[in-house]
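Worksheet: one structure, shown below.
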Number of protein chains: 2
Amino acid sequence: MRLLPHPATESIQLTEVLRALSDPVRMEIVVRLAVQVEQTCSNVGEELGVHKSTASHHYRTLREAGVVMTRQVGRLKFMRLRRDDLDARFPGLLDAVLAAALTGAPPQGLPSATAGVPDA
Amino acid sequence: MRLLPHPATESIQLTEVLRALSDPVRMEIVVRLAVQVEQTCSNVGEELGVHKSTASHHYRTLREAGVVMTRQVGRLKFMRLRRDDLDARFPGLLDAVLAAALTGAPPQGLPSATAGVPDA
DNA sequence: CGCATAGTTTTATCATTGTCAAACGATTAA
DNA sequence: TTAATCGTTTGACAATGATAAAACTATGCG
(Lines give C-alpha, C1' and ligand atoms only; values in the text may rest on other atoms or scores of the structure.)
Protein backbone atom coordinates (compact mmCIF):
# COMPACT_ATOMS: atom_id res chain seq x y z
CA MET A 1 0.00 0.00 0.00
CA ARG A 2 1.36 3.41 -0.84
CA LEU A 3 0.27 7.01 -0.73
CA LEU A 4 0.33 9.34 -3.65
CA PRO A 5 1.96 12.77 -3.31
CA HIS A 6 -0.31 15.40 -1.82
CA PRO A 7 0.17 19.01 -0.82
CA ALA A 8 0.86 19.59 2.87
CA THR A 9 -2.06 20.99 4.83
CA GLU A 10 -0.41 24.37 5.29
CA SER A 11 0.17 24.78 1.60
CA ILE A 12 -3.42 24.21 0.57
CA GLN A 13 -4.60 27.40 -1.13
CA LEU A 14 -8.12 28.72 -0.75
CA THR A 15 -8.62 29.78 -4.33
CA GLU A 16 -7.29 26.45 -5.58
CA VAL A 17 -9.72 24.55 -3.41
CA LEU A 18 -12.57 26.71 -4.64
CA ARG A 19 -11.49 26.22 -8.19
CA ALA A 20 -11.34 22.48 -7.74
CA LEU A 21 -14.88 22.58 -6.37
CA SER A 22 -16.20 24.82 -9.12
CA ASP A 23 -16.62 22.09 -11.68
CA PRO A 24 -19.90 20.14 -11.54
CA VAL A 25 -18.21 16.81 -12.21
CA ARG A 26 -15.70 17.35 -9.45
CA MET A 27 -18.41 18.57 -7.11
CA GLU A 28 -20.28 15.35 -7.78
CA ILE A 29 -17.15 13.36 -6.96
CA VAL A 30 -16.78 15.26 -3.71
CA VAL A 31 -20.42 14.70 -2.82
CA ARG A 32 -20.02 10.98 -3.37
CA LEU A 33 -16.98 10.93 -1.14
CA ALA A 34 -18.91 12.84 1.48
CA VAL A 35 -21.71 10.29 1.44
CA GLN A 36 -19.43 7.29 1.45
CA VAL A 37 -16.10 7.95 3.09
CA GLU A 38 -13.69 6.02 0.95
CA GLN A 39 -14.19 4.66 -2.51
CA THR A 40 -12.19 3.45 -5.43
CA CYS A 41 -11.78 5.71 -8.42
CA SER A 42 -13.57 3.10 -10.44
CA ASN A 43 -16.52 3.21 -8.10
CA VAL A 44 -16.73 6.96 -8.03
CA GLY A 45 -16.30 7.25 -11.75
CA GLU A 46 -18.98 4.78 -12.73
CA GLU A 47 -21.90 7.15 -12.94
CA LEU A 48 -20.14 10.40 -13.68
CA GLY A 49 -20.91 10.22 -17.36
CA VAL A 50 -17.42 11.11 -18.48
CA HIS A 51 -14.60 9.11 -20.01
CA LYS A 52 -12.27 7.41 -17.57
CA SER A 53 -9.38 9.60 -18.67
CA THR A 54 -11.47 12.68 -17.98
CA ALA A 55 -12.37 11.30 -14.58
CA SER A 56 -8.70 10.66 -13.91
CA HIS A 57 -7.93 14.27 -14.78
CA HIS A 58 -10.51 15.37 -12.22
CA TYR A 59 -9.06 13.08 -9.56
CA ARG A 60 -5.73 14.69 -10.11
CA THR A 61 -7.15 18.19 -9.93
CA LEU A 62 -8.84 17.40 -6.64
CA ARG A 63 -5.72 15.77 -5.27
CA GLU A 64 -3.40 18.59 -6.27
CA ALA A 65 -5.74 21.15 -4.76
CA GLY A 66 -5.61 19.27 -1.47
CA VAL A 67 -9.25 18.22 -1.49
CA VAL A 68 -8.78 14.47 -1.66
CA MET A 69 -6.23 11.95 -0.50
CA THR A 70 -5.47 8.88 -2.55
CA ARG A 71 -3.89 5.63 -1.52
CA GLN A 72 -3.17 2.67 -3.66
CA VAL A 73 -3.86 -0.92 -2.70
CA GLY A 74 -2.96 -3.37 -5.38
CA ARG A 75 -4.57 -2.22 -8.58
CA LEU A 76 -7.11 -0.12 -6.80
CA LYS A 77 -6.85 3.50 -5.80
CA PHE A 78 -8.94 4.67 -2.92
CA MET A 79 -9.92 8.29 -2.55
CA ARG A 80 -11.20 10.12 0.46
CA LEU A 81 -11.88 13.71 1.35
CA ARG A 82 -9.19 15.45 3.40
CA ARG A 83 -11.83 16.57 5.86
CA ASP A 84 -9.59 17.11 8.86
CA ASP A 85 -6.96 18.94 6.87
CA LEU A 86 -9.49 21.19 5.20
CA ASP A 87 -11.24 21.85 8.49
CA ALA A 88 -7.95 22.77 10.08
CA ARG A 89 -7.00 25.11 7.30
CA PHE A 90 -10.40 26.57 6.41
CA PRO A 91 -12.78 25.96 9.30
CA GLY A 92 -16.35 25.38 8.24
CA LEU A 93 -15.67 25.68 4.55
CA LEU A 94 -16.10 22.09 3.49
CA ASP A 95 -19.15 21.64 5.68
CA ALA A 96 -20.81 24.67 4.15
CA VAL A 97 -20.00 23.52 0.64
CA LEU A 98 -21.27 20.02 1.28
CA ALA A 99 -24.43 21.28 2.91
CA ALA A 100 -25.06 23.51 -0.08
CA ALA A 101 -24.36 20.72 -2.53
CA LEU A 102 -26.42 18.12 -0.71
CA THR A 103 -29.49 20.25 -0.15
CA GLY A 104 -29.46 21.89 -3.53
CA ALA A 105 -30.61 20.47 -6.82
CA PRO A 106 -28.39 17.85 -8.40
CA PRO A 107 -25.78 19.65 -10.49
CA GLN A 108 -26.68 18.50 -13.94
CA GLY A 109 -28.93 15.52 -14.28
CA LEU A 110 -26.53 13.24 -12.51
CA PRO A 111 -28.21 11.09 -9.92
CA SER A 112 -28.04 12.98 -6.67
CA ALA A 113 -26.58 11.41 -3.59
CA THR A 114 -29.98 11.90 -2.01
CA ALA A 115 -32.00 10.65 -4.96
CA GLY A 116 -34.70 8.23 -3.96
CA VAL A 117 -34.66 9.35 -0.37
CA PRO A 118 -38.16 10.38 0.71
CA ASP A 119 -38.61 13.98 1.76
CA ALA A 120 -39.77 13.08 5.24
CA MET B 1 -30.37 55.58 -9.15
CA ARG B 2 -30.85 52.25 -10.82
CA LEU B 3 -30.01 48.64 -10.20
CA LEU B 4 -28.18 46.45 -12.63
CA PRO B 5 -29.62 43.05 -13.53
CA HIS B 6 -28.75 40.31 -11.08
CA PRO B 7 -29.69 36.65 -10.79
CA ALA B 8 -32.51 35.90 -8.36
CA THR B 9 -31.45 34.36 -5.10
CA GLU B 10 -32.96 30.98 -5.94
CA SER B 11 -31.11 30.76 -9.21
CA ILE B 12 -27.66 31.32 -7.75
CA GLN B 13 -25.64 28.20 -8.48
CA LEU B 14 -23.10 26.80 -6.05
CA THR B 15 -20.45 25.90 -8.60
CA GLU B 16 -20.77 29.32 -10.23
CA VAL B 17 -20.25 31.06 -6.92
CA LEU B 18 -17.23 28.90 -6.21
CA ARG B 19 -15.85 29.59 -9.63
CA ALA B 20 -16.33 33.31 -9.17
CA LEU B 21 -14.42 33.08 -5.91
CA SER B 22 -11.64 30.94 -7.33
CA ASP B 23 -9.73 33.80 -8.92
CA PRO B 24 -7.30 35.68 -6.67
CA VAL B 25 -8.24 39.08 -8.07
CA ARG B 26 -11.93 38.44 -7.52
CA MET B 27 -11.24 37.07 -4.06
CA GLU B 28 -9.43 40.27 -3.26
CA ILE B 29 -12.42 42.28 -4.47
CA VAL B 30 -14.71 40.24 -2.25
CA VAL B 31 -12.43 40.69 0.73
CA ARG B 32 -12.46 44.44 0.23
CA LEU B 33 -16.23 44.44 0.08
CA ALA B 34 -16.32 42.37 3.23
CA VAL B 35 -14.17 44.88 5.07
CA GLN B 36 -16.01 47.91 3.81
CA VAL B 37 -19.63 47.23 2.94
CA GLU B 38 -20.20 49.33 -0.13
CA GLN B 39 -17.65 50.82 -2.43
CA THR B 40 -17.37 52.20 -5.90
CA CYS B 41 -15.80 50.08 -8.58
CA SER B 42 -13.17 52.74 -8.92
CA ASN B 43 -12.34 52.49 -5.27
CA VAL B 44 -12.17 48.73 -5.25
CA GLY B 45 -10.18 48.62 -8.43
CA GLU B 46 -7.51 51.06 -7.42
CA GLU B 47 -5.05 48.66 -5.89
CA LEU B 48 -5.92 45.48 -7.71
CA GLY B 49 -3.01 45.79 -10.08
CA VAL B 50 -5.01 45.03 -13.19
CA HIS B 51 -6.29 47.17 -16.05
CA LYS B 52 -9.67 48.80 -15.50
CA SER B 53 -11.22 46.71 -18.24
CA THR B 54 -9.95 43.57 -16.55
CA ALA B 55 -11.42 44.76 -13.28
CA SER B 56 -14.70 45.46 -15.01
CA HIS B 57 -14.71 41.92 -16.33
CA HIS B 58 -14.28 40.62 -12.79
CA TYR B 59 -17.10 42.81 -11.51
CA ARG B 60 -19.34 41.31 -14.10
CA THR B 61 -18.29 37.76 -13.26
CA LEU B 62 -19.04 38.37 -9.59
CA ARG B 63 -22.36 40.00 -10.40
CA GLU B 64 -23.50 37.26 -12.78
CA ALA B 65 -22.57 34.59 -10.27
CA GLY B 66 -24.76 36.32 -7.70
CA VAL B 67 -21.92 37.30 -5.38
CA VAL B 68 -22.25 41.07 -5.62
CA MET B 69 -25.00 43.58 -6.20
CA THR B 70 -24.36 46.76 -8.13
CA ARG B 71 -26.27 49.98 -8.15
CA GLN B 72 -25.54 53.03 -10.14
CA VAL B 73 -25.63 56.58 -8.83
CA GLY B 74 -24.68 59.12 -11.38
CA ARG B 75 -21.40 58.08 -12.90
CA LEU B 76 -20.51 55.89 -10.00
CA LYS B 77 -21.31 52.24 -9.53
CA PHE B 78 -21.48 50.92 -6.03
CA MET B 79 -20.90 47.28 -5.30
CA ARG B 80 -21.75 45.30 -2.23
CA LEU B 81 -21.73 41.65 -1.30
CA ARG B 82 -25.06 39.84 -1.47
CA ARG B 83 -24.52 38.54 2.03
CA ASP B 84 -28.14 37.90 2.94
CA ASP B 85 -28.93 36.23 -0.35
CA LEU B 86 -25.87 34.03 -0.19
CA ASP B 87 -26.55 33.17 3.44
CA ALA B 88 -30.10 32.23 2.58
CA ARG B 89 -29.08 30.04 -0.30
CA PHE B 90 -25.84 28.55 1.05
CA PRO B 91 -25.78 29.00 4.83
CA GLY B 92 -22.33 29.54 6.25
CA LEU B 93 -20.56 29.44 2.94
CA LEU B 94 -19.62 33.07 2.57
CA ASP B 95 -18.62 33.36 6.20
CA ALA B 96 -16.32 30.38 5.89
CA VAL B 97 -14.78 31.71 2.70
CA LEU B 98 -14.24 35.16 4.18
CA ALA B 99 -12.78 33.77 7.36
CA ALA B 100 -10.39 31.68 5.31
CA ALA B 101 -9.44 34.59 3.09
CA LEU B 102 -9.00 37.07 5.92
CA THR B 103 -6.90 34.87 8.16
CA GLY B 104 -4.78 33.40 5.41
CA ALA B 105 -1.88 34.98 3.62
CA PRO B 106 -2.67 37.67 1.07
CA PRO B 107 -3.37 36.00 -2.28
CA GLN B 108 -0.55 37.35 -4.37
CA GLY B 109 1.37 40.26 -3.03
CA LEU B 110 -1.64 42.52 -3.00
CA PRO B 111 -1.99 44.47 0.23
CA SER B 112 -4.06 42.37 2.57
CA ALA B 113 -7.14 43.79 4.22
CA THR B 114 -5.39 43.09 7.50
CA ALA B 115 -2.03 44.48 6.45
CA GLY B 116 -0.52 46.73 9.04
CA VAL B 117 -2.57 45.28 11.83
CA PRO B 118 -0.26 44.03 14.58
CA ASP B 119 -0.40 40.34 15.38
CA ALA B 120 -1.45 40.87 18.96
C1' DC C 1 4.34 -16.08 -19.38
C1' DG C 2 0.02 -14.18 -21.19
C1' DC C 3 -4.05 -11.82 -20.20
C1' DA C 4 -7.29 -8.97 -17.86
C1' DT C 5 -8.06 -4.96 -14.73
C1' DA C 6 -7.44 -0.15 -12.84
C1' DG C 7 -6.03 3.95 -13.70
C1' DT C 8 -2.68 7.41 -15.82
C1' DT C 9 -0.46 9.80 -19.55
C1' DT C 10 -0.23 11.51 -24.05
C1' DT C 11 -2.15 13.70 -27.93
C1' DA C 12 -5.49 16.36 -30.02
C1' DT C 13 -9.50 19.37 -30.16
C1' DC C 14 -12.49 22.91 -28.80
C1' DA C 15 -14.31 26.20 -25.45
C1' DT C 16 -13.42 29.22 -21.73
C1' DT C 17 -10.86 32.67 -19.47
C1' DG C 18 -7.59 36.44 -17.82
C1' DT C 19 -5.34 40.16 -19.66
C1' DC C 20 -4.59 44.69 -21.97
C1' DA C 21 -5.55 48.32 -25.34
C1' DA C 22 -8.61 51.01 -27.62
C1' DA C 23 -13.05 52.49 -28.60
C1' DC C 24 -17.31 53.42 -26.75
C1' DG C 25 -21.39 55.01 -23.65
C1' DA C 26 -23.30 57.48 -20.02
C1' DT C 27 -23.11 61.06 -16.80
C1' DT C 28 -21.50 65.26 -14.74
C1' DA C 29 -19.07 69.68 -14.85
C1' DA C 30 -17.45 73.93 -17.07
C1' DT D 1 -21.76 72.14 -26.13
C1' DT D 2 -17.37 70.61 -24.95
C1' DA D 3 -14.58 68.23 -21.96
C1' DA D 4 -13.65 65.14 -18.22
C1' DT D 5 -14.81 61.02 -15.43
C1' DC D 6 -16.38 56.28 -14.57
C1' DG D 7 -16.96 52.18 -16.21
C1' DT D 8 -18.27 48.80 -20.06
C1' DT D 9 -17.59 46.60 -24.44
C1' DT D 10 -14.99 44.88 -28.15
C1' DG D 11 -11.00 42.79 -30.16
C1' DA D 12 -6.91 40.28 -29.86
C1' DC D 13 -3.92 37.00 -27.73
C1' DA D 14 -1.93 33.56 -24.80
C1' DA D 15 -2.94 30.27 -21.26
C1' DT D 16 -5.83 27.09 -19.18
C1' DG D 17 -9.08 23.52 -19.03
C1' DA D 18 -12.62 19.83 -20.12
C1' DT D 19 -13.12 16.17 -23.04
C1' DA D 20 -12.20 11.75 -25.53
C1' DA D 21 -9.25 8.25 -27.89
C1' DA D 22 -5.39 5.63 -27.76
C1' DA D 23 -1.26 4.15 -25.81
C1' DC D 24 0.85 3.05 -21.70
C1' DT D 25 1.97 1.35 -16.70
C1' DA D 26 1.36 -1.43 -12.98
C1' DT D 27 -0.74 -4.96 -10.66
C1' DG D 28 -3.01 -9.37 -10.02
C1' DC D 29 -4.64 -13.84 -11.87
C1' DG D 30 -4.20 -18.49 -14.38
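Chain naming here is simple, since letters A, B, ... match the order of the sequence lines and numbering starts at 1 in each. Please read all numbers here as calculations on a predicted model, not as lab measurements.
- The side chain of A:Arg75 lies closest to D:dT27 when the candidates are C:dT19, D:dT19, D:dT27.
- Dashed line: the shortest gap from a side-chain N or O of A:Arg60 to OP1 or OP2 of C:dT9 is under 4.0 Å.
- Here A:Thr40 lies in heavy-atom contact (under 4.0 Å) with sugar-phosphate atoms only.
- D:dT8 atom C1' lies 7 Å from atom NZ of B:Lys77, rounded to whole Å.
- Judged purely by atom type and a 3.5 angstrom limit, B:Gln39 uses its side chain to pair as donor or acceptor with the backbone of B:Arg32.
- To the nearest angstrom, P of C:dA23 lies 12 Å from NZ of B:Lys52.
- Distance from the side chain of A:Val50 is smallest to D:dA20 among D:dT8, D:dA20, C:dC20.
- Straight-line distance from the NE2 atom of A:His57 to the P atom of C:dT13: 18 Å, rounded to whole Å.
- When rounded to the nearest whole Å, the span between CD of B:Glu28 and P of C:dT19 equals 13 Å.
- A sub-4.0 Å separation between OP1 or OP2 of D:dG17 and a side-chain N or O of B:Arg19 is absent.
- At C:dT19, one or more side-chain N or O atoms of B:His58 fall inside 4.0 Å of OP1 or OP2 (strictly under the cut-off).
- Distance, A:Leu4 CG to D:dA26 P: 13 Å, rounded to whole Å.
- Residue A:His51 has no polar side-chain atom (N or O) positioned under 4.0 Å from OP1 or OP2 of D:dT19.
- Rounded to whole Å, the distance from CG on B:Leu62 to P on D:dG7 is 15 Å.
- Rounded to a whole Å, the CG atom of B:Asp23 is 11 Å from the P atom of C:dT17.
- Under 4.0 angstrom from either OP1 or OP2 of D:dT19 there lies no side-chain N or O belonging to A:Thr54.
- Judged purely by atom type and a 3.5 angstrom limit, B:Arg63 has no side-chain atom pairing as donor or acceptor with the backbone of B:Val68.
- The shortest heavy-atom contact between A:Val97 and A:Met27 is CG1-CE, 3.8 Å.
- A:Glu46 contributes no side-chain N or O that, together with a main-chain N or O of A:Leu48, makes up a donor-acceptor pair within less than 3.5 Å.
- Nucleotides of DNA chain D nearest to A:Arg26 and A:Ser53 differ in position, and the one nearer the 5' end is that of A:Arg26.
- Rounded to whole Å, the distance from CD on B:Glu64 to C1' on D:dT9 is 13 Å.
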Please evaluate residues B:Asp87 and B:Arg82 with respect to the criterion salt bridge (charged side-chain N to carboxylate O under 4.0 Å, His left out), reporting the C-alpha separation (whole Å), side-chain torsions for both, the decisive distance (0.1 Å), and the verdict. CA-CA 8 Å; B:Asp87 281 350; B:Arg82 293 180 66 178; over 6 Å; no
